[in-house]
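Please read the structure below before turning to the comments.
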Amino acid sequence: MITATETKLPRINMPLPGPKAKEVIEYDKKFISPSLFREYPLVAERGYGAIIEDPDGNAFLDFAAGIAVCSTGHCHPHVVQAIQKQAAELIHIAGTDFYHRHMPQLAERLVATMPKSHHYKVFFGNSGTEAVEGAIKLARYATRRDKLIAFYGCFHGRTLGSLSLTASKSTQRKYFGTLLGGVEHIPFPYAYRCALGHTKETCGGEIIELLEEQILKRLFAPEEVAAIIVEPIQGEGGFIPAPGFFLQELQRICNKHGIMLILDEVQSGMGRTGQMWAYDHAGITPDIVLTAKGLGSGMPISAFIAKESVMQWKPGSHGTTYGGNPVCIASAMATLDLIQGGLMANARKMGEYIFGKINDWPSRFKIVGDVRGKGLMIGVELVRDQRTKEKAPDLRDKVIVGAFHRGLLTLESGENSIRISPPLIIDEEQADCAIRIMEESIREAEKSL
Ligand SMILES: Cc1ncc(COP(=O)(O)O)c(C=O)c1O
């Protein structure tokens, strides 16, 4: 139910940013690190459902969801109530030193989402990058090996360990010096730009061959490799799904050599693709799964979930002060209630609905090269020329900024793609509105060709 002052659809009352938003932007410039990259001048004042209001009373339809974090929408009453109740009972105790029931309660629910063939255990942290750091440490500890294999285009975070795996944009690494040694990157299957002309289902066979015949024969002896880490759908890298067979092949290679297969589901997990985990579409059994973003509906919580046989480290080998904080866990429990109680099914349904309406964009707009994704993780790649596939980051930026001025929030992804990652609560009316705004913005950008 929305109240009299609330809306389900955008409401833009003035040229953006408005006067109050401008004040906040100036204030921010004075005190906040300039390393943050704001694509357009949105100033958020309050949020409800799929709507963000700015301090001038403009309302935006949010198809970015705080980088795929607000899975249940903004300030869902069930989540707010859970946070408020828990905040009045116990805010913090440090699960690294003391017991509290909240950690095993959430862990049990996460473990219940994992393949039934194995028992899994959970370690809680506060952010995606911490889950990656913990998984690197666990994989090294469990295998007593140190080499790691990751993929070009993948993003795993910005702390020094995870940054060593991240190979998305060089700005993210530039001037930060020597990172972890023993990390090798290999290409990620990218069907739209597949040099061998493979399809979305078949692209990547040559990468598996490269891994087996070159990397594991000429560079790293398999018995020195601790883990292969992969995003089942590249998020930051362009919303590019890996084909199911590709993930199955990675699993086969990992099983063969005792290498840990780490699935980074920080962006793609928690029901966003219409299944709890994006790897579920491929039917594999990973050793370690990472989650954050959508897990807490905006409260800072992450987890890595590992096979019990893998998570065998000794007390003291890994810990954290805030990880598994009761308030964040309350938010995550409420989030799971909602995701498992219908939002995951809605993500599947609305994803199909949106794809049904935008799949033909490449034939309707000459600057749209590709539309791809799963559920509500949808990427749109913009090109200057569909034949040469020349990347068009400037046109992509025009579409995103044009959409903002029409009241729709989206984000960039990769060099020249748009990411569409709304909260999982959206309905057809909101999807239609977003599609209409995107189409207007694409048409406008096309005129500047
Ligand atoms: C796949 C993936 N892994 C890890 C991270 C890092 O998460 P955080 O920004 O919470 O550290 C991100 C963030 O975008 C991500 O998309």
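Whatever order the structure lists them in is the order used to number ligands and atoms, beginning at 1.
Residues forming a salt bridge (Lys or Arg N to Asp or Glu O under 4.0 Å) with Glu415 (at least two apart in sequence, or on another chain): Lys391. Applying the side chain to side chain donor-acceptor pair (under 3.5 Å) rule to Arg140 yields no partners; only residues at least two apart in sequence or on another chain are considered.
Under 4.0 Å is where a charged nitrogen must lie from a carboxylate oxygen, and between Lys121 and Glu308 at least one such pair does.
Between the side chain of Gln234 and the backbone N or O of Phe155, no donor-acceptor pair lies under 3.5 Å.
Residue pairs meeting the salt bridge (Lys or Arg N to Asp or Glu O under 4.0 Å) criterion with at least one member in residues 89-116, sequence neighbours excluded: Lys85-Glu89, Arg109-Asp337.
Annotation: ligand 1 has protein neighbours Ser127, Gly128, Thr129, Phe155, His156, Gly157, Glu231, Asp264, Val266, Gln267, Lys293, each with a heavy atom less than 4.0 angstrom from the ligand.
Using cut-offs of 30° and 60° for the angle between ring planes, the His102 and His100 rings count as tilted.
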